[in-house]
Amino acid sequence: QVQLVESGGGLVQAGGSLRLSCAASGSIYEINDMGWYRQAPGKQRDLVAVITSGGSTNYVDSVKGRFTISRDNAKNTVYLQMNNLKAEDTAVYYCNAYIWGTAWYASRKEYWGQGTQVTVSS
């Protein structure tokens, strides 16, 4: 069993910063790509940032220069540093990862965190 647990969300004023964390636990053999998505009320989930196992990153245009995705492979954890937050960043943020399990029959599966609320007030 694999689980992604997110933390770090909260309420912040526009222009402020938050750092989200997502730790994977369970029967993990290898973690490939990890990413962050967000979903505002009444909207679908949108990709925010992704990072490969080798550290290559990509961001949606609206967060470039403000957000930084990183990972600590030894801790099976991905982070999203969010600076200069704007009201339009308000959403539930979800961690996403593609993970190989340790069982002999395991394949690479997509996992999602439970979501953490980020609210930016102005």
Side-chain angles (χ1 to χ4, degrees):
Q1 300 295 322
V2 174
Q3 186 177 24
L4 303 182
V5 179
E6 303 170 348
S7 62
L11 176 65
V12 65
Q13 292 287 323
S17 299
L18 286 173
R19 191 191 193 198
L20 306 183
S21 299
C22 174
S25 62
S27 301
I28 298 170
Y29 178 75
E30 184 179 67
I31 302 177
N32 293 137
D33 293 358
M34 304 185 81
W36 290 93
Y37 288 70
R38 64 187 180 187
Q39 185 171 23
K43 296 181 179 288
Q44 66 180 13
R45 292 185 189 183
D46 293 323
L47 178 66
V48 178
V50 294
I51 184 167
T52 69
S53 59
S56 297
T57 61
N58 281 293
Y59 302 88
V60 67
D61 286 344
S62 60
V63 308
K64 288 181 178 177
R66 300 189 297 119
F67 291 9
T68 301
I69 188 170
S70 62
R71 63 193 289 168
D72 186 336
N73 292 330
K75 297 180 179 179
N76 290 334
T77 300
V78 63
Y79 307 94
L80 185 67
Q81 178 67 47
M82 304 185 293
N83 298 326
N84 192 24
L85 283 161
K86 303 176 180 180
E88 51 263 42
D89 296 319
T90 295
V92 177
Y93 284 70
Y94 295 90
C95 177
N96 169 265
Y98 290 86
I99 300 173
W100 291 93
T102 58
W104 68 269
Y105 55 82
S107 60
R108 193 183 74 162
K109 295 182 178 180
E110 185 180 19
Y111 293 89
W112 292 92
Q114 80 283 0
T116 184
Q117 177 71 50
V118 172
T119 302
V120 183
S121 64
S122 59

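Annotation: side chain of Y29 is not in contact with side chain of I99 (no heavy-atom distance under 4.5 Å). V118 has its side chain within reach of L20: a pair of non-hydrogen atoms, C-beta onward, lies under 4.5 Å apart. Contact annotation: the side chain of Q117 approaches that of T90 to within less than 4.5 Å [non-hydrogen atoms, C-beta and beyond]. You'll find the side chain of D72 reaches within 4.5 Å of the side chain of Y79, heavy atoms only. Side-chain contact check for V60 versus D46: every heavy-atom pair is 4.5 Å or farther apart.
Under the 30°/60° scheme for interplanar angles, the aromatic rings of W112 and Y37 are found to stand perpendicular.
With R71 contributing its side chain and T52 its backbone, the two residues share a donor-acceptor pair below 3.5 Å.
Counting only N and O atoms by type, the side chains of S53 and N32 include no donor and acceptor under 3.5 Å apart.
In this structure, CH2 on W100 lies 6.5 Å from OG on S107, to the nearest 0.5 angstrom. One finds the CG atom of D33 at 9.5 Å from the OG atom of S56 (value rounded to the nearest 0.5 Å). Of the inter-residue distances, the one linking Q3 atom CD with C22 atom SG reads 10.0 Å to the nearest 0.5 angstrom. Rounded to the nearest 0.5 angstrom, K64 NZ and T57 OG1 are separated by 9.5 Å. Atom CD of Q81 is separated from atom OG of S21 by 9.5 Å, given to the nearest 0.5 angstrom.
Of the options I51, N58, V63, a side-chain contact (heavy atoms from CB on, under 4.5 Å) to I69 is made by I51 and by none of the others.
Taking all atoms of both residues into account, the shortest heavy-atom contact from A91 to Q39 is CB-O, 3.5 Å. For the pair E6 and G113, the tightest heavy-atom approach, listed with the atom from each and the gap, is OE2-CA, 3.6 Å. Residues A24 and I31 approach most closely at CB-CD1, 3.9 Å, considering heavy atoms. The minimum heavy-atom distance linking L4 with Y111 is given by the pair CD1-O, 3.6 Å. Across all their heavy atoms, Y94 and Q114 have their closest contact at CE2-O, 3.7 Å. Heavy atoms only, all atoms of each residue included: L80 and A49 are closest at CD1-CB, 4.3 Å.
Other members of the cluster containing Y105 are W104, with ILVMFWY side chains joined at under 4.5 Å, either directly or via other members.
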Item to check | I28 and V2: CA distance, side-chain angles, deciding distance, side-chain contact (heavy atoms from CB on, under 4.5 Å) verdict | outcome: CA-CA 7 Å; I28 298 170; V2 174; 3.9 Å; yes

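Applying the salt bridge (charged side-chain N to carboxylate O under 4.0 Å, His left out) definition to pairs two or more places apart or across chains, those involving residues 89-106 are R38-D89, R66-D89.
Residue-environment remark: CD (E110) exceeds the threshold of 12 foreign heavy atoms within 6.0 Å. Counting non-hydrogen atoms of other residues, nucleotides and ligands closer than 6.0 Å to CD of Q1 gives a total of 12 or fewer.
Under the 4.5 Å side-chain heavy-atom criterion for grouping Ile, Leu, Val, Met, Phe, Trp and Tyr, Y59 is connected to L18 within one hydrophobic cluster.
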